[in-house]
Protein chains: 2
Amino acid sequence: MSNLFPEFTNHLRRFIKLDDDELKAVLSFMRPLSVKKKSFLLNEGQICRSNFFTEKGCLRMLFIDAKGVEQTTQFAIEHWWLADYMSFTNQSPAQFSIQAVEHSEVLALDYDLQEKLLAAVPQMEQYFRIVFQKAVAASQLRMMYTNDLSREDMYRFFVRSFPEFVQRIPQYMLASYLGFTPEYLSELRRKIA
Amino acid sequence: MSNLFPEFTNHLRRFIKLDDDELKAVLSFMRPLSVKKKSFLLNEGQICRSNFFTEKGCLRMLFIDAKGVEQTTQFAIEHWWLADYMSFTNQSPAQFSIQAVEHSEVLALDYDLQEKLLAAVPQMEQYFRIVFQKAVAASQLRMMYTNDLSREDMYRFFVRSFPEFVQRIPQYMLASYLGFTPEYLSELRRKIA
DNA sequence: CGCGGGTTTGATGATGCTCAAGCCCGGTGG
DNA sequence: CCACCGGGCTTGAGCATCATCAAACCCGCG
């Protein structure tokens, strides 16, 4: 059981206590997906029907800005959850798309199964409370960094914080995540090297 | 009971079912505070010991940037929760301060009481899960707006979205919340009027 | 009445964007 | 196996946006 989806199982057990039956029950609600590089799990305009857990690989959330340019707002690597939570919560059309950055193994928790899961295994209410609380904490910090640091310092900071991850993604995704153009990122790289 | 803290009571009942005894139990964990304009509920460097619910008035979260300038990252008006969630979750020193923008009535839920509350009234686990899920949804949207809109459009958008709220706060707070200088905000106002 | 925090004004200049062109490299089809 | 194609990265010139700094002003509060 525990080696079926090791990242997810570990993540669960990091935050809540579950016996083997409960774990088995939880996993029975999760829908495993193999998604290949560049394929989409959600398209803008659709309803976000699932909350996605990245077991392996990397997802990103993006939208098309007023000028028609892709803007990446989040990445989800191993053991992160990702969804357009406005769309997911209200089952309304999504403003974002979700795409696999690389080949990924994902666990999808569908909206209409979530309430059954929460009823079947009440600890999951606590699990998600903790997951979301941490997500809010992270977004508060991110907000601080984006206000405090210049574009150049943002880049330096990101590279120092996630040196291995920078290798995994194309520059244009990182540029839009950090809030600037690929041209400017290219200029920064030259300047720094 | 229900008219003691009407905003909080309504908010609870909007998301979970509680009978009168449970409501009473919940309220017994909340510490009411009357805070006057400009006083601080949390100072950078301290540990954030409480999660704050705004019953009446307005709080803001802020930090001092590298140049020594105050930057506002969030407001919490009636029926919003606010805390430095990194500090609160880990009981580690806060990066942010929290200040009353105007005279406010606040309910504080202390860190060490929260677990007792969650044990006493398990529905509260669900309540906070929903509250945090909505907070994540809001921050995803905010991220989209800040990437998509120019500073000028940000300002227009904010004023159109919260016309009454703009009246309640000084310009310099709004400027830093929107990510620009008071001087530039002043210029924008003149230009638009 | 005077003080001081907050807002306005304007000049100057840096940061980072736009646009256009060229280049590099990996994948695909002939 | 090679040639080509195209996506992504680089380069550079010109420019817009918005910050900085300094000064004056306004007005609410003590």
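Convention: sequence-line order gives letters A, B, ...; per-chain numbering from 1.
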Classify the side-chain pair [X]/[Y] by whether it contains a donor and acceptor separated by less than 3.5 Å.
X: Arg49(A); Y: Gln91(A); result: yes
X: Asn43(B); Y: Ser97(B); result: no
X: Gln95(B); Y: Glu44(B); result: no
X: Ser39(A); Y: Gln99(A); result: no

Could you pull out all residues at least two apart from Arg60(A) that satisfy salt bridge (Lys or Arg N to Asp or Glu O under 4.0 Å)?
-> Glu70(A)
Partners passing salt bridge (Lys or Arg N to Asp or Glu O under 4.0 Å) against Asp65(B) (at least two apart in sequence or in another chain) = none
Begin from the C-alpha positions of Asn51(A) and Tyr111(A) and carry the test side chain to side chain donor-acceptor pair (under 3.5 Å) through to its verdict.
-> CA-CA 7 Å; Asn51(A) 193 1; Tyr111(A) 180 79; over 6 Å; no
Taken to the nearest whole Å, NZ/Lys191(A) to P/dT15(C) is 7 Å
Value in whole Å for how far the C1' atom of dT15(C) lies from OH of Tyr155(A) = 18 Å
Sidechain-backbone polar pair: Ser104(B) side chain, Ala100(B) backbone, donor-acceptor under 3.5 Å = no
If an axis is fit to five pairs at each end of the helix from dC1(C)-dG30(D) to dG30(C)-dC1(D), what is the angle between the two, to the nearest 10°?
-> 40°
Identify each donor-acceptor pair in which a side-chain atom of residues 157-166 of chain B lies under 3.5 Å from a protein atom, sequence neighbours left out, and give them as a table.
{"unit_1": "Ser161(B)", "atom_1": "OG", "unit_2": "Phe157(B)", "atom_2": "O", "d": "2.7"}

Is there a residue in residues 157-172 of chain A whose heavy atoms reach under 4.0 Å of DNA chain D, and which residues are they?
-> Pro170(A), Gln171(A), Tyr172(A)
In numerical order, the residues of residues 36-43 of chain B whose heavy atoms come under 4.0 Å of DNA chain D are none
Mind checking what makes side-chain contact (heavy atoms from CB on, under 4.5 Å) contact with Thr146(B), not counting sequence neighbours?
-> Arg142(B), Met154(B)
Qualifying residues under side-chain contact (heavy atoms from CB on, under 4.5 Å), relative to Val131(A), sequence neighbours excluded | His11(A), Trp81(A), Tyr127(A)
By side chain to side chain donor-acceptor pair (under 3.5 Å), Ser87(B) pairs with (sequence neighbours left out) none
Can you tabulate the close N/O pairs, meaning under 3.5 Å, that link protein atoms to atoms of nucleotides 24-29 of chain C?
none

Compile the donor-acceptor pairs under 3.5 Å between side chains in residues 183-193 of chain B and protein atoms, sequence neighbours left out, one pair per line.
{"unit_1": "Arg189(B)", "atom_1": "NE", "unit_2": "Gln171(B)", "atom_2": "OE1", "d": "3.4"}
{"unit_1": "Lys191(B)", "atom_1": "NZ", "unit_2": "Glu152(B)", "atom_2": "OE1", "d": "2.7"}

Distances for protein N or O near nucleotides 16-22 of chain C N or O, under 3.5 Å:
{"unit_1": "dG16(C)", "atom_1": "OP1", "unit_2": "Arg151(A)", "atom_2": "N", "d": "3.2"}
{"unit_1": "dG16(C)", "atom_1": "OP2", "unit_2": "Tyr184(A)", "atom_2": "OH", "d": "2.7"}
{"unit_1": "dC17(C)", "atom_1": "OP1", "unit_2": "Arg151(A)", "atom_2": "NH2", "d": "3.4"}
{"unit_1": "dC17(C)", "atom_1": "OP2", "unit_2": "Thr181(A)", "atom_2": "OG1", "d": "3.3"}
{"unit_1": "dT18(C)", "atom_1": "OP1", "unit_2": "Lys67(A)", "atom_2": "NZ", "d": "2.9"}

If each of Met173(B) and Arg190(B) is mapped to the nucleotide of DNA chain C with the nearest heavy atom, which maps nearer the 5' terminus, i.e. the 5' end?
-> Met173(B)
